[in-house]
Amino acid sequence: MATEYKNLINGKMIDTGEWLDVVNPANEQVIGKVPACGKDQLDDAVAAARAAFKTWKNTSFEERQAACMAISGAIKENADELFRLLTSEQGKPHEQAKGEIYGAAGMSAAQATLKLEDVISEDTDERLSRTRRVPVGVVGGIVPWNFPVMMAVQKIIPALMSGCTIVLKPSPFTPLTTLRIAELIADKVPAGTVNIITGEDLLGPMITEHPDIDKITFTGSTATGKKIMEGASGDLKRITLELGGNDASIVLPDANVEKVAEQLFWSSFSNAGQICVAAKRIYIHEDIYDELSEAIAEVARNVKVGDGSQQGTGVGPIQNKKQFDRVCELIEDAKDNGYKFLVGGEVDPSGSGYYVPITIMDNPPEDARIVAEEQFGPVMPLMKFSTEDEVIERANNSEYGLAGAVWTANPDKGVEIAEKLETGTVWVNEFLHLSPFTPFGGHKQSGFGAEYGLDGLKEFTYPQVITVKKDNVPA
Ligand code: NAD
């Protein structure tokens, strides 16, 4: 029988008696069951968070840091068990799952050093004006299935560090590792400060519209982000939205083909392409297009697609059936339109597991669906460009604005181009690097607000200005 994982409400692990199945995408077997929560359990979790907020908001920086370090420690000490569980529910290969688990522990510890200091804007004989940051209250956190653990701590840690309490909802596709972490931290953080509940997608709008939640922090698709903004508008909840992307990588003619080919490959195909900041369109200068596209294709031919728990797997399955169907549809559309495939394109319908072969398209047109839409799968278009102005225009021609990259032997030129890209992050000669001390957020329809760094922490607070008129004391 599949293991039953419980929810964390008010310091206790609970279930509802009704369960949702969680499937391993590598073989479609049910590997766990999680509580199917509805309004009642949400109300309980919110009430616990509200009660805990009364005391948690008055805690010192050190108390908050200690709770966050306990979470970081619990993840690190149990990393071996957690990364295996993560692979079994999410699909990513063991090495990448290890990276997510240790990354989550490290990000948690690093973010637990962030402190929002008071700011004195006026200190004269007449007046003292001080801005302090106060916690917004109870936070609703909603996360997706591609990096379930990283995204969970990305919500929990800044909530706690700012003095807020949180009710977190994992994706119904990938709740297991998060619930195992819930069990590990249940007696390490004060009851009610962190609550983790599971349910179908429809639990999401209940959170967004809940009258006793003050802020929503969400990571997921742009379509859902828009619904959240709408749902949260009823009582003007604060919102942070980390949404989709269609990131462009630009490779200038001076880039060393041998040096960049493998990096470009992994910038697209890590986590089977299911990364918001994966390179989803790669523009290569025409002078090196043939040589570099062949070098990337050669890397691809040597990477094994398979069950992430098996040694040697580089690219795992797509995480769920719905996304698998979508990626297959994009491949079919490319075939129907006669676009050229450099590698892959043939999905094997026999057998179990949501496997899509590594697929690389050779210079499809700019309006191809595979170029214009976020694929979120192991399918990448390579495209030729001639001039800088042209490629900048093509890269910016998107409703998204999450991240991008420039690859060049001349870093100054890279920065010059980076400054012309309409995205929240641009890497020059690297990819997927995020820092706990640097704001991460999307421009345009890739997001609203930011996570990480002091900017991210501020989003869990209101500014409160206290002004004292020094020369008017009615004494
Ligand atoms: P999704 O929007 O379908 O679901 C995300 C979460 O929202 C899940 O927990 C889901 O249950 C919940 N949800 C669904 N409908 C809801 C509603 N109406 N109201 C409230 N909550 C609802 O996204 P997904 O398919 O799980 O994730 C993939 C998407 O996430 C991609 O577009 C990807 O680019 C994006 N993403 C963005 C970032 C980032 O930091 N910008 C990071 C990872 C993933």
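In each ligand, atom 1 is the first atom listed, and ligand 1 is the first ligand listed.
At a heavy-atom cutoff of 4.0 Å, ligand 1 is contacted by the side chain of Pro172 but not by its backbone. The side chain of Phe440, and not its backbone, has at least one atom closer than 4.0 Å to an atom of ligand 1 (non-hydrogen atoms only; side chain from C-beta on). Only the side chain of Glu374 comes within contact range of ligand 1, with a heavy atom under 4.0 Å; no backbone atom does. The side chain of Phe218, and not its backbone, has at least one atom closer than 4.0 Å to an atom of ligand 1 (non-hydrogen atoms only; side chain from C-beta on).
Within a 6.0 Å sphere centred on CD of Gln263, heavy atoms belonging to other residues, nucleotides or ligands number more than 12. For CD of Glu28, the number of neighbouring non-hydrogen atoms (other residues, nucleotides, ligands) closer than 6.0 Å is greater than 12. Within 6.0 Å of the CZ atom in Phe341, the count of heavy atoms belonging to other residues, nucleotides or ligands exceeds 12. Other residues, nucleotides and ligands contribute more than 12 heavy atoms inside 6.0 Å of the NZ atom of Lys304.
Taking all atoms of both residues into account, the shortest heavy-atom contact from Ile14 to Lys6 is O-CB, 3.2 Å. Nearest heavy-atom pair, Arg50 versus Asp212, reported as atom, atom and distance to 0.1 Å: NH2-O, 2.9 Å.
Distance check on atom 25 (O) of ligand 1: some protein heavy atom falls below the 4.0 Å cut-off.
Here the heavy atom of the protein found nearest to atom 27 (O) of ligand 1 is Pro144 CB, 3.3 Å. Here the heavy atom of the protein found nearest to atom 9 (O) of ligand 1 is Val143 O, 2.7 Å. The protein heavy-atom contact nearest to atom 14 (C) of ligand 1 is Asp201 CG, 3.6 Å. The closest protein non-hydrogen atom to atom 12 (C) of ligand 1 is Ile142 CG2, 3.6 Å. Considering only non-hydrogen protein atoms, atom 21 (N) of ligand 1 sits nearest to Gly204 CA, 3.4 Å. Looking from atom 43 (C) of ligand 1 to the surrounding protein, the closest heavy atom is Asn146 ND2, 3.2 Å. Of the protein's non-hydrogen atoms, Leu243 O, 2.7 Å is the one closest to atom 41 (N) of ligand 1. For atom 28 (C) of ligand 1, the nearest protein heavy atom (residue, atom name, distance) is Phe376 CE2, 3.6 Å.
The cationic group of Lys227 does not satisfy the cation-pi geometry with Phe218, failing either the under 6.0 Å distance to the six-membered ring centre or the 45° limit from the ring axis.
Close contacts between ligand 1 and Glu242 involve ligand atoms 37 (C), 38 (C), 39 (C), 40 (O), 41 (N) [criterion: under 4.0 Å to a heavy atom]. When each atom of ligand 1 is checked for a heavy atom of Leu402 under 4.0 Å away, the hits are 41 (N). Within ligand 1, the atoms closer than 4.0 Å to a non-hydrogen atom of Ile228 are 20 (C), numbered from 1 in the order shown. Distances below 4.0 Å separate heavy atoms of Lys227 from the following atoms of ligand 1: 18 (N).
Once rounded to the nearest 0.5 Å, the distance linking CD of Glu183 with CD1 of Ile196 reads 11.5 Å. Note that NZ of Lys237 and CG of Asp214 are 8.0 Å apart. Values are rounded to the nearest 0.5 Å.
A salt bridge links Glu373 to Arg326: at least one charged side-chain nitrogen sits closer than 4.0 Å to a carboxylate oxygen. Electrostatic pairing of Arg369 and Glu332 does not count as a salt bridge here, judged by no charged N lying under 4.0 Å from a carboxylate O. Remark: Asp21 engages Lys33 in a salt bridge, criterion side-chain N to carboxylate O under 4.0 Å.
Of the polar atoms of Thr224, at least one N or O is found under 3.5 Å from an N or O of ligand 1, judged by distance alone. When only interatomic distances are considered, the shortest N/O to N/O separation between Trp145 and ligand 1 falls below 3.5 Å. Every N/O-N/O distance between Glu200 and ligand 1 stays at or above 3.5 Å. Ligand 1 has no nitrogen or oxygen under 3.5 angstrom from a nitrogen or oxygen of Met151.
A donor-acceptor pair is defined here as one N or O able to donate and one able to accept, closer than 3.5 Å; no such pair exists between the side chain of Glu422 and the backbone of His443.
Between atom 39 (C) of ligand 1 and the options Gly231, Ala223, Cys276, the minimum heavy-atom separation is to Cys276. Nearest to atom 18 (N) of ligand 1 by heavy atom, out of Ser221, Pro148, Gly220, Pro205, is Pro205.
Residues Val371 and Pro365 have side chains not in contact (no heavy-atom distance under 4.5 Å, counting atoms from C-beta outward).
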